[in-house]
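By convention in this document, chain letters (A, B, ...) are assigned in the order of the sequence lines, proteins followed by strands, and residues within each chain are numbered from 1. Note that the coordinates shown come from a computational prediction; the quantities given were computed from them, not determined experimentally.
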There are 2 protein chains.
Amino acid sequence: MLTIGTLSKKTGTKVQTIRYYEQIGLMPEPGRSEGGQRRYDNAQLDRLSFIRHSRQLGFSLDAIRELLDLSDHPNRPCDEADAIARRQLKQVEQRMARLKALRTELKRMVHECSGGRIADCRVLEVLRDHSECLTEHDEIGA
Amino acid sequence: MLTIGTLSKKTGTKVQTIRYYEQIGLMPEPGRSEGGQRRYDNAQLDRLSFIRHSRQLGFSLDAIRELLDLSDHPNRPCDEADAIARRQLKQVEQRMARLKALRTELKRMVHECSGGRIADCRVLEVLRDHSECLTEHDEIGA
DNA sequence: CTTGAACCTCTAGCTGCTAGAGGATGTATC
DNA sequence: GATACATCCTCTAGCAGCTAGAGGTTCAAG
């Protein structure tokens, strides 16, 4: 029987976060001690590890919910899990492409700045005028 | 004199977002029509363009506040603006590195999935067991 | 003078947590 | 049994950066 603190340490998840996962139904309600404190077992430890690892790979809580759902039905075909992972991969690739364009632009800005007065600052100048950009970038909402 | 809707279209910013920027003090309070509707001039259009473009390049609203502040004092040296941009560049590079590791892992997951049953799904298996990962990834909070 | 799009304010919601108040429990030691 | 103190509990509110909706007013065209 594990306390929430132990679970927290074992998975690198903050105590508050574990309770939050319970609140939104991602973690099941655990058993309680006589005094009302949460007590976990190994199945719940595994579940939380799964969640955390998925988060590290960038999956949204909704996607994780689906994945957990799927893993509860071992006899179904795994196309869905595969599709979720592919979607995630696609998102990551899109984000990388955007970041690449941003990096190019930022590098250019920084390199062109010669360290004079604000009035002549290339950084501000570029920010002022999108038309100076050589790449298409569109990070907002990424 | 521009209405908020016109400003919205010209900058690709939602009306609500413009009002939000005003609320947090990033945009100045504009003049008003007799009936109390907001009326903007070209200086404000420029300011909003600056904000939007900076957002597209991933600057935080706080960073933008600093940058706007700087650009109001054209005679100061531009080290600060330069430093902000460099900081941003560094962040972008860190995020790219993280995404790269994620992509590797996701690709591997997806490629190893042979499309059978959930029980044998590599995607879920990898998510279950971090130790199978070949790269260090740590996307949370990125 | 009427219509209808665009405006107004205000409040609440989104993701994924995180922090703090104010109090109860659990365990080790005396 | 008493005491100390870490850990636990619930509840509420906050973070970034918007976005959406209710319920009502103004503006410009016809």
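A donor atom on one side chain and an acceptor atom on the other are not found under 3.5 Å apart for A/Q88 and A/R86. Residues A/Q16 and A/R19 have side chains that bring a donor and an acceptor to within less than 3.5 angstrom of each other. Using modelled atom types and a 3.5 Å distance limit, the side chains of B/R52 and B/Y21 yield a donor-acceptor pair. No side-chain donor-acceptor contact under 3.5 Å links A/S60 and A/D62.
Rounded to an integer number of Å, the gap from CG of B/L7 to P of C/dA6 is 15 Å. A straight line from NZ of A/K9 to P of D/dA6 spans 12 Å, rounded to a whole angstrom. In this structure, B/E22 places its CD atom 14 Å from C1' of C/dC10, rounding to the nearest Å. Nucleotide C/dT9 holds its P atom 10 Å from the CD atom of B/Q23, rounded to whole Å. Whole-Å rounding puts the A/M1 CE to C/dT27 C1' distance at 18 Å. As a whole-Å value, the separation of B/E29 CD from C/dC8 P is 13 Å.
At the phosphate of D/dC9, OP1 or OP2 sits under 4.0 Å from a side-chain N or O atom of A/R38.
When distances are taken from the side chain of B/R32 to each of C/dC7, D/dC8, C/dT9, the shortest belongs to C/dT9.
Cluster membership check: B/V110 does not share its hydrophobic cluster with A/L70, using side-chain heavy-atom separations under 4.5 Å among Ile, Leu, Val, Met, Phe, Trp and Tyr.
Backbone-only engagement by B/I4 is indicated by non-hydrogen atom pairs under 4.0 Å involving sugar-phosphate atoms exclusively.
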(request) Assign a letter to each nucleotide of nucleotides 18-28 of chain D from its 5' end: B, base within under 4.0 Å of a protein heavy atom; S, sugar-phosphate only; -, no contact. (result) BSBB----SS-

(request) Go through the steps to decide whether A/R65 and A/D69 satisfy the test salt bridge (charged side-chain N to carboxylate O under 4.0 Å, His left out), and finish with yes or no. (result) CA-CA 6 Å; A/R65 214 186 288 273; A/D69 231 56; over 6 Å; no

